[in-house]
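Here is the structure we will look at.
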Amino acid sequence: RKCLDQIRTTQHLNAYISVTEETALRQAAEAETRMRQGVPRGPLDGIPFAVKDNFCTEGIQTTCASRMLKDYTPPYSATVVQKLFDQGAVLMGKTNMDEFAMGSGSTDGAYGPVRNPWSYATFYREANGAEPDSDWVVTGGSSGGSAAAVASLTSFLALGSDTGGSTRNPGALCGVVALKPTYGLLSRHGLIPLMNSMDVPGILTRTVHDAAIVLGALQGLDRKDSTTIPPLSTQMELPEKSDVRNICVGIPKEYHAPGLQEDTLAEWRRVADMFDREGARVVQVSLPHTQYSIVCYHILCCVEVASNMARFDGLEYGHRSPVATSTEAMYASTRHEGFNDVVRGRILSGNYFLLKQNFEHYFTKAQKVRRMIADDFKRVFDSGVDVLLTPSTLADAARYCDFSQEDNRTRSAQEDVFTQPANMAGLPAVSVPTALSKRGLPIGLQLIGPAQQDKMLLTVAQWVE
Ligand code: GLN
């Protein structure tokens with residue numbers, strides 16, 4: 001009930017597309033009964049959670065923040081959502097996002113932009129002379145609603161999705177912990193795809209310890225997703241205290257990228273020094289192909305989008321245009337009316353890259369470079385580096401009026417420089433809030449680990465936190 005009250009109090013954030021009050025009250029009552037009978041289901045029993053609106057929820061509207069799916073109610077729940085239900089967790093609602101998870105601001109969905117809760121903090125307002133209703137800052141994205149839900153204390157955990165940084169980016173900008181697990185560790189079944197080869201369900205929590213508990217509850221093989229891998233360990237809970245004295249921390253030199261804000265750079269240095277003082281070995285490393293990650297991503301993403309979006313034709317589900325002069329005209333106007341310009345742009349680009357004369361030059365080449373990016377990471381980890389330490393984003397959260405002025409697609413591309421490469425390589429990565437910028441907004445640092453070393457990664461992240 002307190003979380004529901006808090007959702008009402010923070011309605012102006014626009015974090016939720018739908019609030020599932022009835023479900024929440026029913027599930028909470030059931031959990032309470034279990035507690036009273038002394039048979040709780042585990043650490044997540046009775047814990048309020050929120051879910052990004054691109055995860056299917058049985059009997060509950062799932063929109064992907066798109067007009068295309070505004071009336072869509074799935075007949076089943078995504079595996080990760082079902083696992084949370086089975087553990088007794090309580091669904092508060094479905095969260096706002098960029099349409100079909102394409103974007104880095106959560107400004108681009110059919111339900112309007114999400115406001116970063118930090119915009120309303122007294123410190124931010126005083127430091128910037130900000131007027132609450134015109135000077136608010138964005139949450140980052142595309143899982144901005146989920147990050148805002150955790151940051152504004154309406155849920156204890158939230159699911160996001162992460163294809164190029166969509167969980168870590170808003171996590172960093174909203175000051176919460178954001179984990180992108182190893183590709184395949186969490187099932188994608190029921191997560192409406194952006195890019196099947198890189199999509200990973202993401203976990204947003206208030207603490208690293210909480211993220212480890214949720215990861216433990218959600219990990220493992222799923223018959224309905226052939227890319228899933230077996231659970232890493234039955235014991236994912238972290239030790240009380242992390243010891244980083246003997247680890248090797250790599251600082252990738254290519255991550256000193258253009259546009260990196262001074263505060264963020266200073267914070268990155270401060271934490272690297274902290275590791276050094278604690279007795280960890282801090283070394284500079286090189287990931288030479290990182291610079292190609294964003295362009296490759298945009299080719300590969302558009303290609304997968306072009307194919308994934310073909311299912312939205314107005315016939316089986318979703319929006320259907322009333323234009324009925326021919327089947328083709330119905331398809332065309334359904335897709336024109338249903339998708340925003342970002343989605344339509346990616347479908348068109350993807351089909352262009354897939355044309356017979358372009359396929360080799362763009363698609364095949366991007367796939368080869370993707371392998372080189374992954375090999376860079378492998379070389380560094382094989383040389384004895386345990387984790388990489390980088391910023392999560394170039395800067396703290398942008399004001400909405402600035403963010404929305406620039407061409408969103410170019411902006412979106414730049415935002416992901418630090419987060420995207422881990423998706424290319426399928427590696428686990430976590431963003432941890434470590435400080436406030438001069439503007440009074442959160443700064444997040446990212447740790448990237450070798451595949452399937454999620455627990456070690458979180459143990460180090462717990463120390464940083
Ligand atoms: N910003 C990237 C994009 O627009 C990544 C999105 C994501 O991770 N879902 O595609």
Side-chain angles (χ1 to χ4, degrees), residues 51-55 64-66 95-109 113-114 138-147 158-173 178-181 183 186 188 191-204 293-306 308-309 339-350 353 366 370 392-395 397-398 403-404 406-431 444 446 448:
V51 178
K52 187 175 181 179
D53 214 16
N54 57 351
F55 286 92
C64 283
S66 177
T95 59
N96 203 349
M97 54 186 280
D98 286 302
E99 183 160 333
F100 282 100
M102 299 182 201
S104 301
S106 301
T107 55
D108 240 3
V114 187
V138 300
T139 52
S142 60
S143 314
S146 287
L159 295 180
S161 63
D162 197 312
T163 313
S166 274
T167 296
R168 287 160 288 157
N169 176 292
L173 300 188
L179 171 68
K180 168 220 171 300
Y183 180 83
L186 265 51
R188 288 178 294 109
L191 166 60
I192 298 173
L194 170 60
M195 210 187 156
N196 313 52
S197 73
M198 294 194 205
D199 289 346
V200 174
I203 296 168
L204 294 136
S293 182
I294 294 295
V295 281
C296 278
Y297 170 71
H298 276 274
I299 292 170
L300 297 172
C301 179
C302 292
V303 163
E304 292 197 36
V305 162
N308 274 330
M309 295 293 152
F339 294 136
N340 72 1
D341 61 338
V342 176
V343 179
R344 291 201 305 268
R346 289 201 196 183
I347 295 171
L348 288 172
S349 313
F353 297 136
R370 175 180 185 175
S392 304
T393 56
L394 285 165
F403 188 89
S404 52
E406 285 176 57
D407 180 326
N408 221 346
R409 266 160 269 182
T410 325
R411 172 96 203 187
S412 169
Q414 292 160 359
E415 292 298 328
D416 296 333
V417 279
F418 301 139
T419 47
Q420 212 299 306
N423 296 80
M424 285 274 177
L427 304 177
V430 59
S431 174
Q446 175 181 232
I448 307 174

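No hydrogens, no waters, no symmetry mates; every other heavy atom, side chains included, goes into these values. As the structure lists them, so they are numbered: ligands from 1, and atoms in each ligand from 1.
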Check: So, is Lys52 polar-close to ligand 1, with some N/O to N/O distance under 3.5 Å?
Finding: no
Checklist line | For Gly164, atoms of ligand 1 separated by under 4.0 Å from a heavy atom | finding: 5 (C), 7 (C), 8 (O)
Notebook entry, point to check: For ligand 1, is any non-hydrogen atom under 4.0 Å from Asn423's backbone (N, CA, C, O), its side chain (CB onward), both, or neither?
Noted result: neither
Notebook entry, point to check: To the nearest 0.5 Å, how far apart are CG in Asn169 and CZ in Phe418?
Noted result: 11.5 Å
Next item on the list: Go through ligand 1 atom by atom and flag the ones less than 4.0 Å from a non-hydrogen atom of Leu194.
Entry: 9 (N)
Note to self: Looking only at distances, can you tell me whether any N or O atom of Cys301, backbone or side chain, sits closer than 3.5 Å to an N or O atom of ligand 1?
What the structure shows: no
Notebook entry, point to check: Quick one: CE on Met198 to CG on Leu300, what's the gap to the nearest 0.5 Å?
Noted result: 5.0 Å
Check: Do any nitrogen or oxygen atoms of Asp162 lie less than 3.5 angstrom from nitrogen or oxygen atoms of ligand 1?
Finding: no
Item checked: Side chains of Arg346 and Asn308, donor plus acceptor under 3.5 Å -> no
Note to self: Among Arg346, Met97, Arg168, which one puts a heavy atom closest to atom 4 (O) of ligand 1?
What the structure shows: Arg346
Next item on the list: Please round to the nearest 0.5 Å and tell me the distance separating atom CG of Asn96 and atom OG of Ser146.
Entry: 9.5 Å
Notebook entry, point to check: For ligand 1, is there an atom lying under 4.0 Å from some heavy atom of Ser161?
Noted result: no
Item checked: Residue part near ligand 1, for Ser142, under 4.0 Å between non-hydrogen atoms -> side chain
Note to self: Can you tell me how far apart CD (Gln420) and SG (Cys296) are? Round to the nearest 0.5 Å.
What the structure shows: 8.5 Å
Notebook entry, point to check: When rounded to the nearest 0.5 angstrom, what is the spacing between OG in Ser142 and CZ in Phe100?
Noted result: 12.0 Å
Check: Between the side chains of Arg168 and Thr393, is a donor N or O closer than 3.5 angstrom to an acceptor N or O?
Finding: no
Checklist line | Numbering as shown, the atoms of ligand 1 that approach Gly165 to under 4.0 Å (heavy-atom distance) | finding: 8 (O)
Check: Using a heavy-atom cut-off of under 4.0 Å, does the side chain or the backbone of Thr163 touch ligand 1, or both, or neither?
Finding: both
Notebook entry, point to check: Going by the atom numbers of ligand 1, which of them fall below 4.0 Å from some non-hydrogen atom of Ser104?
Noted result: 1 (N)
Item checked: Spacing of Asn54 atom CG and Ser143 atom OG [to the nearest 0.5 Å] -> 7.0 Å
Notebook entry, point to check: Going by the order shown, which atoms of ligand 1 are within less than 4.0 Å of some heavy atom of Met102?
Noted result: 4 (O)
Item checked: Distance-only polar pair, side chains of Asp162 and Asn423, donor-acceptor under 3.5 Å -> yes
Next item on the list: Please state which part of His298 comes within less than 4.0 Å of ligand 1, counting heavy atoms only: side chain, backbone, both or neither.
Entry: neither
